[in-house]
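A short write-up of the structure that comes next.
As the structure lists them, so they are numbered: ligands from 1, and atoms in each ligand from 1.
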Amino acid sequence: RPASCTLVIFGASGDLTARKLIPALFHLFCNGSLPQKMNIVGVARSKMTTEDFRAHAREGLEEHASGDLFRWPELAARLFYHPLEYGRLSDYLALERTLRELDEKSGTEGNRIFYLATPPSVYAVVAEQLGAVGLAEETEGSFSRIVVEKPFGRDLASARELDARMHTAFAEHQIFRIDHYLAKEMVQNILMFRFANSVFEPLWNRRYIASITCASAESLGVGHRAGYYEQAGVLRDMFQNHMMQLLALSAIEPPSLFAANRVRDEKVKLYRSLRPFDGNTLWKDLSLGQYASGKISGRAVPAYRQERGIAPDSMIPTFAMIRAYVDNWRWQGVPFYIMSGKRLPKKLTRIVIQFRDVPHSMFRNVEQGEMVPNRLVLDLAPDNGISLRFQAKMPGSKLCFRPVVMHYSFDEDADGVLLDAYAKVFLDCMLGDQLLFWRQDSVELCWGWLTPILELCEECTDLQKHLEMYPAGSWGPESCREYMECLL
Ligand code: BG6
């Protein structure tokens with residue numbers, strides 16, 4: 001079990017806390033993974049009492065968690081609430097006193113995790129104030145960690161500024177930058193699959209692989225997050241984080257050890273090898289789209305521009321497909337297609353490894369049926385599994401072949417023990433393992449690489465010409481549709 005600690009959740013009255021954080025903590029509590037001595041202190045601007053906070057947390061659980069709540073009173077007894085203005089120093093001094101008292105009462109040994117479930121605009125202020133009252137200090141035998149979720153800035157300059165301000169109080173090993181994709185079971189499985197088997201890795205290079213696609217399709221639209229999405233668009237929302245991680249995990253060199261910094265070093269090398277975009281030919285490697293009205297599962301849904309809170313002439317992309325190249329020995333010439341979009345027909349997150357054609361078909365004189373190259377699919381959502389497509393002979397007297405699929409279902413294997421991504425994030429943070437978290441050098445490299453595209457979206461005067469409208473419920477812009485359909 002992790003060491004005793006106090007978890008301080010900033011933004012405790014908000015949606016994320018009720019929807020994701022409390023259910024994840026309750027899950028960990030029920031399966032015995034939380035430290036025996038642990039308190040959870042909710043912090044927010046709302047004037048609430050501890051009793052109100054416990055009631056708010058319970059409501060969240062009733063709405064968002066499945067299963068029996070009979071053990072809830074045991075966890076509820078460890079919940080406390082502390083109102084605080086994010087920028088007011090005296091409130092942090094009071095928080096420091098509360099935490100000290102709780103440590104004394106419960107034996108939590110001065111270990112603290114500060115989880116920022118707040119708007120990103122207050123990350124730097126909270127970190128600085130925690131530093132100012134000494135809450136970021138680690139003594140021998142005790143830790144202080146801060147957890148933040150994307151976006152880490154909105155471009156390279158703001159990411160650097162945020163980081164510099166966080167570093168005034170916290171050192172890099174104390175900062176945990178969440179990417180919930182990294183905590184997905186099948187995303188973790190990518191490295192196992194590649195490097196714990198000997199049969200795939202020898203083929204994992206430009207000689208045998210024709211292309212790699214990392215795709216995340218969603219049927220959901222922008223929902224109630226118009227304000228955020230109008231600033232972010234698909235590139236900041238999905239590419240600068242989740243998609244870049246999928247790309248890295250599919251392409252990195254084998255780390256010498258499965259340890260946070262070894263793996264993160266390899267990702268940095270990979271990001272450094274990404275071929276920079278050429279401003280003059282960028283549109284050859286990029287497609288952008290925005291959903292128009294349409295139908296998803298038979299239900300009519302509005303266009304992006306008709307959603308509540310969205311500008312009627314918004315030029316924000318809700319779909320993007322980028323063709324990237326990795327300029328190193330292993331991947332020279334192999335295109336990586338990275339795509340993500342909203343309001344596509346269904347949820348589908350997968351990595352597709354497309355192998356090359358056989359160099360010479362000895363069956364060309366008798367060829368009957370479809371000869372298609374091998375394809376390996378790593379399914380990350382909604383199904384978790386791995387499929388390999390290969391050619392097999394059709395049963396019967398004629399020599400005739402067809403593609404067949406060999407499938408492994410992680411879901412069936414897991415038999416209900418899948419841990420939610422936030423539960424994993426909490427566990428690893430309590431254990432101090434940063435493997436599932438972003439390191440700042442990678443954050444900056446990815447911002448840097450995407451900058452020409454982001455600038456283009458903001459500055460291009462004829463974006464109108466390039467931003468393709470696609471009906472909700474279709475597989476994206478016309479120019480990408482054929483490719484998208486091949487992914488299925
Ligand atoms: C979030 C994005 O980070 O990831 C959302 O902000 C997106 O826009 C979500 O819907 C997708 O996550 P998942 O786990 O459902 O693929």
Side-chain angles (χ1 to χ4, degrees), residues 11 14-16 19-21 23-24 64 116-121 123 147-154 159 176-190 213-247 249-250 288-291 296 301 304 307-310 314 316-320 338-352 377-385 410-411 418-425 436-438 443 446-447 450 454 472 476 487:
D15 178 56
L16 182 69
R19 202 163 39 86
K20 295 280 189 188
L21 307 187
H64 302 289
L116 274 48
T118 61
S121 53
Y123 288 173
V147 187
V148 290
E149 196 158 355
K150 63 126 217 220
F152 313 122
R154 57 171 284 108
F176 288 67
R177 298 178 194 83
I178 301 180
D179 188 313
H180 81 276
Y181 265 49
L182 286 178
K184 287 178 188 270
E185 287 275 35
M186 271 303 293
V187 174
Q188 292 186 278
N189 210 4
I190 300 170
T213 302
C214 302
S216 173
E218 295 183 87
S219 57
L220 291 178
V222 64
H224 57 271
R225 299 195 305 157
Y228 155 74
Y229 204 84
E230 277 282 271
Q231 297 300 315
V234 68
L235 294 163
R236 291 190 170 89
D237 185 45
M238 291 295 292
F239 278 69
Q240 202 284 330
N241 32 69
H242 313 318
M243 304 315 293
M244 294 305 288
Q245 287 290 350
L246 296 187
L247 168 70
L249 291 169
S250 341
L288 296 177
Q290 187 190 80
Y291 63 82
I296 305 250
V301 293
Y304 178 72
E307 302 264 20
R308 188 183 306 180
I310 304 293
S314 172
I316 291 295
T318 59
F319 174 101
I338 320 168
M339 67 82 12
S340 178
K342 289 204 183 289
R343 286 289 189 226
L344 303 182
K346 60 178 180 181
K347 172 95 189 153
L348 187 71
T349 312
R350 53 173 38 171
I351 297 175
V352 179
V377 177
L378 308 179
D379 267 316
L380 315 177
D383 300 328
N384 294 280
F410 190 80
D411 296 313
L418 289 180
L419 256 197
D420 164 75
Y422 282 93
K424 274 228 203 81
V425 161
L436 301 185
F437 300 84
W438 278 86
V443 172
C446 292
W447 275 125
L450 286 169
L454 295 169
L487 291 180

Return the residue, atom name and 0.1 Å-rounded distance of the protein heavy atom closest to atom 13 (P) of ligand 1. K347 NZ, 3.3 Å
Is the closest heavy-atom distance from D237 to ligand 1 below 4.0 Å? yes
Is Y181 close enough to touch ligand 1? Criterion: a residue heavy atom under 4.0 Å from a ligand atom. yes
Worked check of side-chain contact (heavy atoms from CB on, under 4.5 Å) between F152 and N241: CA-CA 9 Å; F152 313 122; N241 32 69; 5.8 Å; no
Would you call the rings of H180 and H242 parallel, tilted or perpendicular, where under 30° means parallel and over 60° means perpendicular? perpendicular
How are the rings of Y291 and Y304 set relative to one another: parallel (under 30°), tilted (30 to 60°) or perpendicular (over 60°)? perpendicular
Does a side-chain heavy-atom distance below 4.5 Å link F176 with V425? no
With side chains defined as the heavy atoms from C-beta onward, is the minimum distance between V443 and Q240 less than 4.5 Å? yes
Nearest candidate to atom 5 (C) of ligand 1, where distance is taken over non-hydrogen atoms, out of E218, R225, M238: R225
Might you confirm whether atom NZ of K150 has over 12 heavy atoms from other residues, nucleotides or ligands at distances under 6.0 Å? yes
Return yes or no for this condition: an N or O of [X] is under 3.5 Å from an N or O of ligand 1.
{"X": "T349", "value": "no"}
{"X": "H180", "value": "yes"}
{"X": "S216", "value": "no"}

Need the ligand 1 atom indices (1-based, order shown) with element for anything under 4.0 Å from a heavy-atom of [X].
{"X": "K184", "result": "13 (P), 14 (O), 16 (O)"}
{"X": "K342", "result": "5 (C), 7 (C), 8 (O), 10 (O)"}
{"X": "H242", "result": "1 (C), 3 (O), 4 (O)"}

Test side-chain contact (heavy atoms from CB on, under 4.5 Å) on T349 and K347 and set out the steps. CA-CA 7 Å; T349 312; K347 172 95 189 153; 4.0 Å; yes
